[in-house]
Amino acid sequence: MAQPTWRDVMFSIKTFSAAALALYIAFALELTQPTWAMLTVFVVSQPIAGMVAAKSLFRVIGTVVGATVALALVAAFAQSPSLFLTCLALWIGAGTFTSVLLRDAPAANGAMLSGYTAAIIGVPAALAPETAFDYAVGRCLEIILGIGCATLVSQVVFPRTAGVALKTSVNTTTTAVADWMGDVLRGESQEDKALADQRKMIADVIALDNLRIYAGFDTPSVRAAGDMVRHLQGNLLSLLSILVSINDRLELLRNRAPAKYEALQDILGRTAARLQQADRAPVGPALEAATARLRQEALRRLPTFDDLVRDHETIPVRNVLLRIGDLLATWRRIIDLREALLSDRSVSLSEAAPSTARYRDVTFALVAGSVSATAVIVTAAFWIASGWSQGSTAVIFSGVICSILGTLDDPATSAANFLRMTLLSVVFAAIYMFAVFPAIDSFTSLIITLVPFYVPFGIVLGLPRIGPKVTPLGLNLIAFLGLTNTRNPPDLAGFANSSLALLGGIGIGILMFRLLRPLGVEWMVRRIRRGVLRDLERLT
């Protein structure tokens with residue numbers, strides 16, 4: 001498990017400071033639900049400033065769109081609860097559909113948010129139509145206040161831009177690729193290790209695309225060099241495919257023709273040394289000449305056509321020697337692009353940048369949207385039939401959970417973790433509300449009591465492996481605390497009822513995932529494989 005660094009600690013302190021600032025301003029302005037301002041800070045906060053800016057922009061858009069739709073639905077159908085809830089369910093389903101279709105693009109966050117924001121604002125507003133507009137404006141102000149505080153702190157206090165993160169990641173990735181090349185060419189990459197290295201390299205290269213997008217929000221030089229970054233990413237993926245090809249053929253020779261495998265070791269070792277030398281030292285005339293000689297030697301050693309006919313085991317030898325030339329040329333392009341990016345130097349690009357458009361799976365998006373809409377309708381039907389006073393909360397959170405997790409391959413498992421974290425947040429909320437809050441009498445003491453929980457939570461939030469798993473714990477705790485300007489004595493019955501409603505909404509979401517998406521990861525793998533085969537068929 002990765003250990004927290006000073007950056008993780010700083011991120012936590014910055015996030016909590018932004019949350020405290022948003023909460024203080026919300027109290028000072030006497031907004032009705034200051035807790036939403038604090039909650040929004042933790043939702044949009046990211047370790048990298050460009051990510052905060054992107055997420056904040058689309059969250060504002062999604063909030064405004066969702067609030068507008070909520071007001072329109074209340075105005076049109078407030079007197080017809082069944083029709084109102086049906087239209088709301090369809091809107092949430094449409095938001096989930098669009099979010100899944102767009103996948104990881106920043107706009108996907110806005111689409112998802114516009115869906116469930118309509119439920120967060122629309123359901124309470126429909127219960128009191130005369131205050132609907134004021135309620136919608138209040139929620140928008142609180143959310144925008146939280147976004148503004150999170151963005152301000154991330155940009156002003158020790159900002160870490162996506163442009164710097166991109167350059168660091170490019171440097172780290174190319175060095176790791178150089179090491180993997182050395183392992184493959186020297187025969188030190190065994191099957192299990194090779195597969196693990198291959199997966200890591202692909203994940204690292206794909207991650208560059210997100211950093212490139214976010215860097216466009218905070219680093220003008222990277223925004224201007226967007227095509228260069230895409231060329232670098234495309235060449236890295238090409239290099240990985242060449243390495244996989246070489247590794248497969250060397251494995252074949254090692255098992256079936258060990259003598260031919262041993263005969264290649266000298267040139268492969270010198271190629272590995274040359275590639276790693278190019279990674280660590282400036283490319284000069286001497287290195288260029290040595291690389292050219294190595295490429296010519298590989299071409300001279302190519303088996304002839306008669307050799308291939310006479311001895312089929314020379315076919316993989318020829319393939320390996322040809323790939324050496326491809327490897328040297330591709331790596332040279334990668335080094336040139338990397339050095340240009342790191343030094344903010346422009347380079348001439350003779351061809352169009354490779355497309356980074358994501359695969360759009362309409363069927364998967366339709367399934368995810370249908371699950372969200374069905375969950376809301378089922379929960380609403382139960383609310384109406386039972387007359388449950390807190391049924392509206394269950395309706396809202398069934399839509400929220402299905403919208404947030406609908407993009408995942410196996411959402412039921414993540415939803416179950418969400419439920420466990422929410423149960424834990426109920427325990428913490430009860431401790432705060434019934435044991436801690438009655439003893440405090442000022443905003444300062446409120447913040448002091450929250451520090452022991454939210455500073456460690458913020459540190460864990462920044463850890464990529466466990467952060468997403470514990471996120472519901474901190475976010476739902478804020479929701480349960482319901483911090484407002486009005487100081488009311490704690491109500492155990494009301495707290496238990498609202499907690500049960502929230503848990504019930506999540507539970508219905510899990511049930512819908514289990515019933516309507518018992519597909520698992522295998523279904524997604526099969527769909528992607530069929531899509532790849534269709535693309536190959538079309539290309540050929």
Side-chain angles (χ1 to χ4, degrees), residues 97-98 100-105 108 173 177 180-181 184-185 189 191-210 212-213 226-227 229-253 255-256 302 305 308 312-331 333-334 337 349-368 407-410 517 519-540:
F97 167 84
T98 306
V100 174
L101 194 65
L102 295 176
R103 297 180 67 195
D104 295 332
T173 300
V177 169
W180 188 39
M181 283 192 297
V184 170
L185 295 176
S189 181
E191 184 175 355
D192 291 343
K193 185 177 184 299
L195 187 58
D197 289 342
Q198 178 183 335
R199 287 172 175 168
K200 184 180 185 306
M201 294 298 104
I202 292 174
D204 289 345
V205 174
I206 295 300
L208 295 178
D209 198 45
N210 281 335
R212 175 185 63 81
I213 294 172
D227 284 353
V229 179
R230 287 162 58 195
H231 273 288
L232 176 61
Q233 191 178 3
N235 277 284
L236 281 168
L237 290 173
S238 296
L239 185 79
L240 294 179
S241 68
I242 294 170
L243 280 173
V244 171
S245 173
I246 291 175
N247 188 68
D248 289 347
R249 282 148 184 79
L250 289 177
E251 187 66 26
L252 187 67
L253 288 171
N255 295 328
R256 297 189 181 182
L302 287 175
F305 180 74
L308 300 178
H312 290 175
E313 290 179 348
T314 58
I315 294 176
V317 173
R318 178 182 174 85
N319 288 337
V320 169
L321 292 170
L322 285 174
R323 295 291 83 75
I324 286 176
D326 295 337
L327 206 58
L328 291 167
T330 305
W331 188 240
R333 287 196 297 271
I334 289 171
L337 290 168
L349 302 170
S350 58
E351 56 188 24
S355 172
T356 57
R358 297 184 180 275
Y359 175 61
R360 311 297 185 196
D361 192 334
V362 177
T363 301
F364 179 38
L366 283 171
V367 169
T407 59
L408 303 180
D409 296 337
D410 187 11
R517 282 189 58 182
L519 309 167
V521 178
E522 294 79 10
W523 181 72
M524 292 300 302
V525 171
R526 287 197 299 271
R527 288 192 54 74
I528 293 173
R529 183 175 181 273
R530 284 199 298 269
V532 169
L533 292 176
R534 282 196 302 269
D535 289 345
L536 291 173
E537 180 183 354
R538 185 168 59 252
L539 288 171
T540 54

Under a 3.5 Å distance rule, please check whether N255 uses its side chain to pair with a backbone N or O of E251 as donor and acceptor. yes
Tightest non-hydrogen contact, residues E313 and R256, listed as OE2-O, 3.5 Å
Kindly indicate whether the side chain of F364, heavy atoms from C-beta on, has any atom under 4.5 Å from the side chain of L101. no
Enter the distance from L252:CG to I315:CD1 here, rounded to the nearest 0.5 Å. 10.0 Å
Would you give the length of the straight line joining atom CD of Q233 to atom OG of S238, rounded to the nearest 0.5 angstrom? 11.0 Å
Are any of the side-chain heavy atoms of L236 and L208 separated by less than 4.5 Å? yes
Would you say the side chain of R323 lies within less than 4.5 Å of the side chain of D326, judging by non-hydrogen atoms? yes
In this structure, CD1 of I242 is separated from CG of N247 (nearest 0.5 Å) by 13.5 Å
How long is the span from the OG1 atom in T330 to the CE atom in M181, to the nearest 0.5 Å? 10.0 Å
Looking only at heavy atoms, what is the nearest atom pair of R318 and L308, with distance? CD-CD1, 3.7 Å
Is it the case that atom CZ in R529 sees more than 12 heavy atoms from other parts of the structure closer than 6.0 Å? no
Working for side chain to side chain contact (heavy atoms under 4.5 Å, CB included), residues L327 and L185: CA-CA 11 Å; L327 206 58; L185 295 176; 4.0 Å; yes
To the nearest 0.5 Å, tell me how far W180 CH2 sits from L243 CG. 5.0 Å
Set of side-chain hydrogen bond (donor to acceptor under 3.5 Å, both in side chains) partners for S245, sequence neighbours left out: R249
Pairwise salt bridge (Lys or Arg N to Asp or Glu O under 4.0 Å) hits with a residue in residues 237-248, at least two apart: none
Check: N235 and W331 side chains under 4.5 Å, non-hydrogen atoms: no
